[in-house]
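Just so it is clear, the structure is predicted and the values come from calculations on it, not from any experiment. Naming convention: chains lettered A, B, ... in sequence-line order (proteins, then strands); numbering from 1 in each chain.
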Amino acid sequence: DGGITQSPKYLFRKEGQNVTLSCEQNLNHDAMYWYRQDPGQGLRLIYYSQIVNDFQKGDIAEGYSVSREKKESFPLTVTSAQKNPTAFYLCASSIARGETQYFGPGTRLLVL
Amino acid sequence: GIQVEQSPPDLILQEGANSTLRCNFSDSVNNLQWFHQNPWGQLINLFYIPSGTKQNGRLSATTVATERYSLLYISSSQTTDSGVYFCAVGFSGNTPLVFGKGTRLSVIA
């Protein structure tokens, strides 16, 4: 089945630790996105990528980093510089930027 | 900055009732999408509708771009329609989507 997978479903981070969230798609989509959702809020864009080896900052990129070495994969690293990382993280993809976006099931990150 | 406002913020319906959700936006759009987020967090794309009207089963959507609003209609609501409905818009060129804060719908049997 074609789709978007995210792992892990739940992730716990200790103070000062970097953690990486996985996002994989087999839809052959060029564009991929990372969003953050806080309780009772809409989604805010962290980073997006229109093509392999290229990515752009979104509205809240500070404290996060990404890579796009393969078309299928767009991992997000939450660094120790992100002081309030507890949130629900959603990955999405689209055929191209500006087209219909499809979402993965999300990763819930909690700080210990 | 870019503003996307959704109303109402919360809505409680009896099963079988109809509802209309509204999305207002502050600038011309070339991309508007409606999503449903279920209670487990999964977002499903409902419509890609920068203008005009579309229907899919009990759901339909209308966007009047010149008046900067979009409406999502849910007819004969079911308990499985519960969740949060988000409107997201993209403005000139291929700018990233900006999401509203959503309408939380609860359908009671």
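Considering all non-hydrogen atoms of both residues, A:P105 and B:Q42 come closest at CA-OE1, 3.3 Å. Nearest heavy atoms, B:F86 versus A:G42: CE2-CA, 3.6 Å. Heavy-atom minimum distance, B:N45 versus A:Q101: ND2-O, 3.5 Å. Nearest heavy-atom pair across B:G41 and A:F88 is O-CE2, 3.6 Å.
Contact of A:L45 with chain B is made through the side chain alone, with heavy-atom distances under 4.5 Å. At a 4.5 Å heavy-atom cutoff, B:Q6 makes no contact with chain A through either its backbone or its side chain. Using a 4.5 Å cut-off between heavy atoms, A:R108 touches chain B through its side chain atoms alone.
Options B:W40, B:F47, B:Y48 differ in how many heavy-atom pairs under 4.5 Å they form with chain A, and the most are formed by B:Y48. Of the residues considered (B:N38, B:L43, B:N31, B:V4), B:L43 shows the highest number of contacts with chain A, using heavy-atom pairs under 4.5 Å.
Environment of CD1 in A:I51: sparse, with no more than 12 heavy atoms of neighbouring residues, nucleotides or ligands closer than 6.0 Å. For A:E62, the CD atom is loosely surrounded, since the number of other residues' heavy atoms within 6.0 Å does not exceed 12. The number of heavy-atom neighbours closer than 6.0 Å to OH of A:Y47, taken from other residues, nucleotides and ligands shown, is above 12. In the displayed structure, A:R13 atom CZ is contacted under 6.0 Å by more than 12 heavy atoms of other residues, nucleotides or ligands.
The shortest distance between side-chain heavy atoms of A:Y35 and B:L97 falls below 4.5 Å.
A:Y89 and A:Y33 are not part of a single hydrophobic cluster, where members link through side-chain heavy atoms under 4.5 Å apart. Following chains of ILVMFWY side-chain contacts shorter than 4.5 Å, one can reach A:V19 starting from A:I46, so the two form part of one hydrophobic cluster. Hydrophobic clustering, with ILVMFWY side chains joined whenever heavy atoms are under 4.5 angstrom apart, keeps A:Y48 apart from A:L21. In the hydrophobic clustering of this structure, B:L59 does not group with B:L71; members are Ile, Leu, Val, Met, Phe, Trp, Tyr whose side-chain heavy atoms approach within less than 4.5 Å, directly or through other members.
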Side chain to side chain contact (heavy atoms under 4.5 Å, CB included) between A:Q37 and B:V84, intermediate numbers included:
CA-CA 13 Å; A:Q37 185 178 28; B:V84 182; over 6 Å; no
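Between the side chain of A:Q41 and the backbone N or O of B:G102 there is no donor-acceptor pair closer than 3.5 Å.
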